[in-house]
Amino acid sequence: DERRSLLLKFSTLFPPPPGVKLSYGTAGFRADASILQSTVYRVGILAALRSLKTKSVIGLMITASHNKVSDNGVKIADPSGGMLSQDWEPFADQLANAPDPETLVSLISEFVKKEKITFDRAHPAEILLGRDTRPSGESLLEAAKKGISSIVGAVSYDMGILTTPQMHWMVRARNKGLKATESEYFEQLLSSFGCLMDLIPNKSNINEIEDRLIVDGANGVGGEKLEVIKKNLNGLVIEVLNSGKEGGVLNEGVGADFVQKEKVVPHGFGSNHAGIRCASLDGDADRLVYFAVPPNNSSKIDLVDGDKILSLFALFIKEQLSILEGDAKGKNNYRARLGAVQTAYANGASTAYLRSLGLEVVLAPTGVKYLHEKAAQYDIGIYFEANGHGTILFSEHFLCWLESKSQELSSSSEGSELQKAALRLSAVSKLINQAVGDALSGLLLVEAILRHMGWSIHQWNALYEDLPSRQLKVKVVDRTAVVTANAETVAVKPPGIQEAINVEIAKYPHGRSFIRPSGTEDVIRVYAEASTQEAADSLANSLAEIVD
Ligand code: NG1
Ligand code: ZN
């Protein structure tokens with residue numbers, strides 16, 4: 001019929017590269033951009049089917065985040081703005097790896113039957129398209145459009161060059177029936193940031209702290225977006241380096257991934273930045289880390305990673321919740337459940353710090369979708385990977401309560417500390433991206449909280465001291481030989497390996513170490529923590545030898 005012949009016709013234009021097998025991992029499909037045409041075409045089809053199935057707007061984002069500029073990738077944003085539902089991942093793999101158009105078309109028709117997907121001309125598939133600044137993005141976007149038009153009636157809207165979190169935000173907003181253009185996104189960030197700044201308790205604190213922030217844009221999309229909003233940020237002066245306009249290469253010696261892993265200054269930064277607060281975004285601006293350049297001309301930095309951002313957020317939110325819980329005369333009081341979600345990569349000192357604040361802390365496997373899922377179980381759930389990807393989720397139930405509490409307070413205690421605490425929490429829920437980790441909104445929240453506390457980056461960094469740690473990767477033939485359990489903290493396969501690891505860990509005071517297969521590279525990652533850097537290095541090396 002019409003649908004089948006359209007699919008066949010377009011599919012023949014996108015033959016898959018022979019011998020390549022891709023898998024829809026924690027970050028969608030990622031590979032060298034030169035082999036991705038057929039994959040992106042097929043993800044276009046997938047997005048259209050997903051839209052029909054969910055009767056909602058779906059997002060398709062072309063990015064390879066912090067990876068090198070010659071790589072690219074593609075992933076789907078589900079109706080909630082989150083990652084593609086995990087039960088569709090096997091179908092994504094089958095589509096991507098179908099050897100020829102006939103196989104592809106029969107896979108699709110089987111799947112359409114199994115999922116009971118219906119084609120209704122009144123409700124066509126709708127897909128928002130976005131891409132990062134990679135040069136390969138333009139032609140891959142065309143492939144995605146072709147994939148979408150292979151499904152009869154499906155429509156796509158090209159939203160242009162976006163950060164990954166902007167795409168997720170837009171999909172979420174569209175499905176809530178809200179306007180979802182970039183200017184609405186910026187408007188929401190600016191107004192909630194302004195609101196937090198207006199609520200700063202002791203304005204004289206602000207003068208004590210440096211109002212300048214130097215941002216390393218990784219030569220990607222984030223710097224460009226910051227340039228657009230920075231003139232509207234009262235009380236914060238942003239200077240963007242590595243904006244991509246000075247000729248630097250995306251993610252090369254720059255960006256959050258580089259800064260967090262290497263712990264050295266990114267390109268363009270030096271001793272002239274000593275004493276100034278600095279931040280680093282990754283290539284698609286969903287990761288954020290802060291750092292300070294020491295005054296001694298060394299290239300080493302003081303890193304303030306995702307764990308410390310989580311700790312700062314937790315401290316601030318806890319403070320506001322405690323104010324509200326202290327409402328002795330309140331009619332409508334509620335004890336909110338505040339939780340933190342980390343991965344095994346979280347520095348042990350951060351976990352101990354969070355627990356000392358009285359927070360529930362749980363571990364999830366690496367990959368934002370796992371953290372997000374766990375954080376969504378709290379009234380307020382904060383999740384961060386050490387690498388700087390994370391956000392704060394507010395439950396609908398909590399937001400409803402907050403709304404009614406705010407109304408109660410606006411009649412009974414206008415201008416009180418109680419009312420301010422409620423307004424701050426509400427502003428945070430609007431500033432911080434509810435769909436996915438977002439470096440731009442995270443950065444604005446960090447800046448507002450530092451001013452609230454009257455803290456320099458050094459005071460923030462002194463919340464706790466990181467245990468020395470080391471990350472290594474070992475190239476292996478088959479990374480699936482390692483299977484882990486308990487949020488990746490123990491290796492259950494190959495047999496005996498965990499016992500060998502335990503013997504090594506026992507040799508080091510405060511030793512903690514684990515191995516896991518990467519979801520994005522053909523490597524086994526090794527992480528080790530111990531009381532000294534030498535010990536952490538040596539523990540990591542001995543695990544690497546066990547793996548090899
Ligand atoms: P893998 O390759 O599975 O370790 C890396 C990061 C993840 C996440 C994904 C997706 C580390 C140790 N791992 O995953 O946190 O960001 O890439 O981009 O940083
Ligand atoms: Zn990223």
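Computed over heavy atoms, backbone and side chain alike; hydrogens, waters and symmetry mates excluded. Every number for a ligand or one of its atoms is a count from 1 in the order of the listing. Just so it is clear, the model here is predicted, and its values are computed rather than measured.
- Under a 4.0 Å criterion applied to the non-hydrogen atoms of R30, ligand 1 contributes the atoms 18 (O).
- The Zn ion (ligand 2) lies closest to atom OD1 when only the N/O/S atoms of D286 are considered.
- Taking every heavy atom of H66 and a limit of under 4.0 angstrom, the matching atoms of ligand 1 come to 18 (O).
- Here the rule is side chain to side chain contact (heavy atoms under 4.5 Å, CB included) with V259, and of V289, D282, V265 only V289 fits it.
- Within the 4.5 Å cutoff, side-chain heavy atoms of I62 are placed close to those of L60.
- When each atom of ligand 1 is checked for a heavy atom of S518 under 4.0 Å away, the hits are 1 (P), 2 (O), 3 (O).
- In summary, the atoms of ligand 1 found under 4.0 Å from a heavy atom of R525, numbered by their order in the structure, are 1 (P), 2 (O), 4 (O), 12 (C).
- Of the polar atoms of G367, none of the N or O atoms is found under 3.5 Å from an N or O of ligand 1, judged by distance alone.
- The shortest N or O to N or O distance between R516 and ligand 1 is under 3.5 Å.
- Annotation: R287 places an N or O atom under 3.5 Å from an N or O atom of ligand 1; distance criterion only.
- The shortest N/O to N/O separation between T520 and ligand 1 falls below 3.5 Å.
- In terms of heavy atoms, D284 sits closest to S65 at OD1-OG, 3.2 Å.
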Would F514 and Y345 count as a ring pair (Phe, Tyr, Trp, His ring centres under 6.0 Å) here? Give the steps.
CA-CA 9 Å; F514 63 91; Y345 290 102; 5.0 Å; yes
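- Results of the salt bridge (Lys or Arg N to Asp or Glu O under 4.0 Å) test with E521 over R479, K473, R516 single out K473 as the only residue that passes.
- Here the heavy atom of the protein found nearest to atom 8 (C) of ligand 1 is E385 OE1, 3.6 Å.
- Exactly one of N461, L213, L312, V215 qualifies for a side chain to side chain contact (heavy atoms under 4.5 Å, CB included) with Y290. That residue is L213.
- The distance from ligand 1 to the heavy atoms of K261 drops below 4.0 Å at these ligand atoms: 19 (O).
- Among protein heavy atoms, atom 13 (N) of ligand 1 sits closest to T366 CG2, 4.0 Å.
- Ring orientation note: the planes of F313 and F384 are nearly perpendicular, at an angle over 60° on the 30°/60° scale.
- Residue, atom and distance of the protein heavy atom nearest to atom 19 (O) of ligand 1 are N387 ND2, 3.0 Å.
- Using a 4.5 Å cut-off on side-chain heavy atoms (C-beta onward), K75 and T63 make contact.
- Ion pairing between D71 and R30 fails under the 4.0 Å rule for side-chain N and carboxylate O.
- The Zn ion (ligand 2) lies at 2.8 Å or more from every N, O or S atom belonging to T63.
- Between W88 and F91, the ring-plane angle classifies as perpendicular under the 30° and 60° cut-offs.
- When OD1 of D284 and OD2 of D282 are joined through the Zn ion (ligand 2), the resulting angle is 100° to the nearest 10°.
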